[in-house]
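Each remark here refers to the structure printed beneath this line.
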Amino acid sequence: MRSLLFVPGDSEKKLEKGFSSEADVVIVDLEDSVAAENKANARKIAAEFLSARQGRQGPTVYVRVNDLSTGLTDDDLAALIPARPAGIMLPKSNSGADVQQLAVKLRVHEAENGLPDGGIAILPIITETAAGVLAGASYAGASARLAGLTWGAEDLSAAIGARASRDERGVYTDVFRLARAMTILAAAAAETAAIDTVYPNFRDMDGFRRECVEAERDGFTGKMAIHPAQVPVINEVFTPSPEALAHAKLVVEAFRAAGNPGVVGMDGQMYDRPHLRRAERLLARARAAGVSG
């Protein structure tokens, strides 16, 4: 998953536009982009739209449900699971226990709809509450459904009373840099993908590209988008370059040819096992993106 595009679930027009994009994943949103009084209508529109699309080519489908504390999650799942989404995005996840709770609900809905047990993945947003930020380590081993971990700044700013998440230069302040770092570390501990949060100013493409490059540098393997125009940039930045792929293949081959030792020499430099793991992960990302190098 490189690009994950949010689309409001209550607009068939926006759903059509989102699914015509080049996003790897379209996240049909039943939460923040849908007003409280329109939740039921959003479920109906989204379910009918997704059901009509079954069997068609296009992005993978995830649904962002309302968080577990709202009392709306069960209604969201009952309406959308029959439409066979590939995954559920869980907002305001406080710990791995929330993922486990959602997994139990999904198992029931899968059984009721004749779907494979464990087939629907879970992507939690783990930093929208203070408790969530502090519980990053709890996702390791929480569920086999875990498809990745992602983070959010806006809900966290509201939860802690921060006036803004970025300073006058557009740089995240300390609390939000911590939340970002915790997401990368938690994903590594859970051996799953780290997905970067959205960039709200979709007209600032230079700033957006810069943030994508920094995210890929730091270990994120994809990024969420709020506008289709952001998707091509994400796909470009998070797809390994031919040069990076060629180097990764040389590293893997050097270890294989040497009998997989602890260290190998290549082009006058020493490479150890962490270099090998990094090369293998890059090649895996390329395969997932459909790139062979």
Side-chain angles (χ1 to χ4, degrees), residues 1 4 6 25 27-32 60-78 80-81 85-111 115-160 175-198 215 218-224 277 281 284 288:
M1 297 187 292
L4 299 88
F6 280 107
V25 177
I27 304 170
V28 178
D29 190 20
L30 301 180
E31 195 214 15
D32 283 349
T60 299
V61 178
Y62 273 57
V63 175
R64 178 162 71 169
V65 296
N66 291 278
D67 73 85
L68 295 171
S69 71
T70 63
L72 301 174
T73 315
D74 288 334
D75 289 340
D76 293 341
L77 296 175
L80 272 300
I81 295 305
I88 298 296
M89 172 171 277
L90 178 64
K92 299 177 181 66
S93 182
N94 288 314
S95 71
D98 282 357
V99 169
Q100 292 170 341
Q101 183 180 348
L102 177 58
V104 171
K105 293 178 182 293
L106 287 176
R107 190 172 192 186
V108 173
H109 285 284
E110 286 168 341
L115 300 176
D117 183 30
I120 299 175
I122 298 175
L123 177 60
I125 308 177
I126 71 168
T127 69
E128 293 184 311
T129 67
V133 175
L134 298 173
S138 67
Y139 292 92
S143 174
R145 295 179 186 267
L146 201 64
L149 298 178
T150 189
W151 74 289
E154 300 310 313
D155 282 281
L156 180 60
S157 66
I160 66 175
V175 171
F176 301 95
R177 286 202 297 270
L178 173 64
R180 178 181 183 274
M182 287 293 289
T183 303
I184 297 173
L185 295 172
E191 298 184 348
T192 193
I195 307 297
D196 196 23
T197 193
V198 300
D218 291 344
F220 287 104
T221 59
K223 188 170 179 65
M224 298 186 292
R277 288 195 295 273
R281 290 180 65 177

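- The minimum heavy-atom distance linking L156 with T127 is given by the pair CB-O, 3.2 Å.
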E191/R277 under salt bridge (charged side-chain N to carboxylate O under 4.0 Å, His left out): CA gap, chis, key distance, verdict: CA-CA 12 Å; E191 298 184 348; R277 288 195 295 273; over 6 Å; no
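- In this structure, I122 CD1 and Q100 CD are separated by 9.5 Å, a value rounded to the nearest 0.5 Å.
- How far CZ of R145 is from CZ of R107: 8.0 Å, rounded to the nearest 0.5 Å.
- L102 has its side chain within reach of L77: a pair of non-hydrogen atoms, C-beta onward, lies under 4.5 Å apart.
- Going from atom CD1 of I27 over to atom CD1 of I88 covers 11.0 Å, rounded to the nearest 0.5 Å.
- Taking all atoms of both residues into account, the shortest heavy-atom contact from A190 to L146 is CB-CD2, 4.1 Å.
- In terms of modelled atom types and a separation under 3.5 Å, the side chain of E110 and the main chain of I120 share a donor-acceptor contact.
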Steps toward side chain to side chain contact (heavy atoms under 4.5 Å, CB included) verdict (M89, E31): CA-CA 10 Å; M89 172 171 277; E31 195 214 15; over 6 Å; no
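- With contacts defined as side-chain heavy-atom distances shorter than 4.5 Å, the pair I195/L149 does not qualify.
- Of all non-hydrogen atoms in W151 and A179, the two that sit nearest each other are CE3-CB, 4.1 Å.
- Expressed to the nearest 0.5 Å, how far NE2 of H109 lies from CG of D76 amounts to 9.5 Å.
- Shown here for V133 and M182, the closest heavy-atom pair between the two residues is O-CE, 3.2 Å.
- Between the side chain of N66 and the backbone N or O of L72 there is no donor-acceptor pair closer than 3.5 Å.
- Between T129 atom OG1 and N94 atom CG the span is 4.0 Å, to the nearest 0.5 Å.
- Residues V63 and L30 have side chains in contact (heavy-atom distance under 4.5 Å, counting atoms from C-beta outward).
- In this structure, Q101 and L68 have side chains that are in contact, with non-hydrogen atoms separated by less than 4.5 Å.
- Residues D67 and T73 come closest through the heavy atom pair O-OG1, 3.1 Å.
- Contact of the D32 side chain with the D155 side chain is registered, since non-hydrogen atoms from C-beta on lie closer than 4.5 Å.
- Side-chain contact between D196 and M224 is absent, with no heavy-atom pair separated by less than 4.5 Å.
- E154 places none of its side-chain heavy atoms less than 4.5 Å from the side chain of T197.
- For CZ of R281, the number of neighbouring non-hydrogen atoms (other residues, nucleotides, ligands) closer than 6.0 Å is 12 at most.
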Criterion side chain to side chain contact (heavy atoms under 4.5 Å, CB included) on V99 and S93, from CA distance to verdict: CA-CA 7 Å; V99 169; S93 182; 4.2 Å; yes
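- Between the Y139 side chain and the A186 main chain, no donor and acceptor come within less than 3.5 Å of each other.
- The minimum heavy-atom distance linking A135 with S138 is given by the pair O-OG, 2.6 Å.
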Stepwise side chain to side chain contact (heavy atoms under 4.5 Å, CB included) test for F220 and R180: CA-CA 10 Å; F220 287 104; R180 178 181 183 274; 3.8 Å; yes
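- Using a 4.5 Å heavy-atom threshold, the side chains of P85 and V28 count as separate.
- In this structure, CG in L115 is found 10.0 Å from CG in L106, a value given to the nearest 0.5 Å.
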